[in-house]
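Notes follow the structure.
Everything numeric in this text was worked out from a predicted model, so none of it was measured. Numbering of ligands and ligand atoms starts at 1, following listing order.
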Amino acid sequence: MPIQDMKTLVALCQRRGFIFQSADIYGGMKGLYDFGPLGVELKNNIKAAWWRAMVYARDDMEGLDGAIIGHPLMFKYSGHTETFNDPLTECLDCQARMRTDKMADPSVCETCGSKNLLPPRAFNMMFKMQYGPTEGSGSEAYLRPETAQHIFTNFKNVLDTTSRKLPFGIAQMGKAYRNEIIARNFIFRVREFEQMEIEYFVMPGQDEAAHEAWLETRLAWWESIGVSRSRIKIKDVAKGDLAHYSKRTYDLEYAFPHGYDEIEGIANRTDFDLGNHTKHQAELNLTAKVTPNNHSNARLAVQIDEDPEAAAKGINGPKRWVVPFVIEPSAGVERAMLAVLCEAYTEEALEGGDSRTVLKFKPHLAPIKAAVMPLARNKPELVAKAQELKNSLQKLGLGRIMLDTSGNVGKAYRKHDEVGTPLCITVDFDSLTDQQVTVRDRDTMTQIRLPIAELNAYVRGVVEGN
Ligand code: ATP
């Protein structure tokens, strides 16, 4: 049974070094979190799993890592300056600010119950900044509210440098910033977060089928990181609630302790972005300044043969420009992390009335893959052997292996259960003569005696899920 209570999870994340309130020594900043020694591992492992599955395991994807600071024209023509708004109201009695589309009753203040609320107004969520040493107009830029725009503006660069043909996708992971009216539910809604986004380019007309295929692909990925399909609801977003660029969107909503809420949006963005950037770029006559290409070459579009059958026979016929349609699966890293933590959290009753807390992460996501511990910390030969095994395991490149010299094996098991370490390996006095170690499994708590010669292969098998 996944966790039902966010407070318990928040406390565990703080106590064990997963997630800290940012700048907590100065009172903290709402909606900003820092990721501690275990949090950074979990986060990196989730991102690596996404990149492996979405880029390396496929043959139709390229990667990108765009700048975080965005050109004002990029966000003007993407529509964000004008329409990336949430409806904001303010209570005239207690000054609380609220997002009306997320309120159970938009006529009543969530904080004090007053009905004295200002009419909603559009609040733009982008963080505006000054870029360079001169203040004033012409120097403003934005922290990107989504990673997507750099994929669109680099479409031609990627196309030209990789010779891709439709359909193909560009994947990107990275920070995004939104000045959310209310940051709440731990790391669910924050003002700085990371996205894992794909823009998958297809011929117009093939967009709907591609959209359905991506829905299945993404559900399977969530399952692969331990987020059960039975706890995800697919919401076919109502026409009136669609983002300004979307023809149709599926939201994947996970059963968080605070209720079903979005972990990923899979949108059919049509030719909205590529089309707009191409159109405005041409109007402004900017291309000539920024690239040596002429206009038509710099279009964010592909050239296709008017007569594909003739082209297949090697006949060079006329070509035309087509602006591809785009399917965008966009997931949040923090929301993925929160869902993974919720799913992994388990409390188990033990014999003798005791109980334990275990984070049953999939091994490839676990922050620590294995802990190697000497039975006693004051026996140099045991510590040296444990160190040697740790070094050898570390070289496998599976992720973090920890040398745990606390010397209290019972206590160490408890701690490693609580942070989700799949394997604990104990070096005892017999190990020095029989060249075997005790390996304890997190989920079953069974212990086996394993020859040291087989240890690396065994740990690799567990971490890689064999
Ligand atoms: P919401 O309706 O919850 O505000 P959204 O529909 O605006 O989310 P998208 O624009 O579709 O979100 O962004 C894609 C993904 O980025 C979301 O599914 C989510 O995982 C992540 N994301 C968006 N906003 C935030 C945020 N403030 N904090 C953490 N993750 C976020």
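- Paired with Tyr254 under the rule side-chain hydrogen bond (donor to acceptor under 3.5 Å, both in side chains), one option of Glu343, Glu264, Lys233 passes, and it is Glu343.
- Protein residues with a heavy atom under 4.0 Å from ligand 1 are Arg99, Lys102, Arg178, Glu180, Phe188, Arg189, Val190, Phe193, Gln195, Glu262, Ile263, Glu264, Gly265, Ser330, Ala331, Gly332, Arg335.
- The side-chain hydrogen bond (donor to acceptor under 3.5 Å, both in side chains) with Gln149 is formed by just one residue from the set His277, Arg144, Glu199; it is His277.
- Taking both residues in full, the closest heavy atoms of Ala267 and Ser246 are given as CB-OG, 4.2 Å, listed atom of the first, atom of the second, then distance.
- Checking side-chain atoms of His80 against main-chain N and O of Met74 turns up no donor-acceptor pair under 3.5 Å.
- Looking only at distances, no side-chain donor or acceptor of His150 sits under 3.5 Å from a matching main-chain atom of Gly70.
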Ring pair (Phe, Tyr, Trp, His ring centres under 6.0 Å) between Phe84 and Phe75, worked out: CA-CA 10 Å; Phe84 198 61; Phe75 291 120; 8.9 Å; no

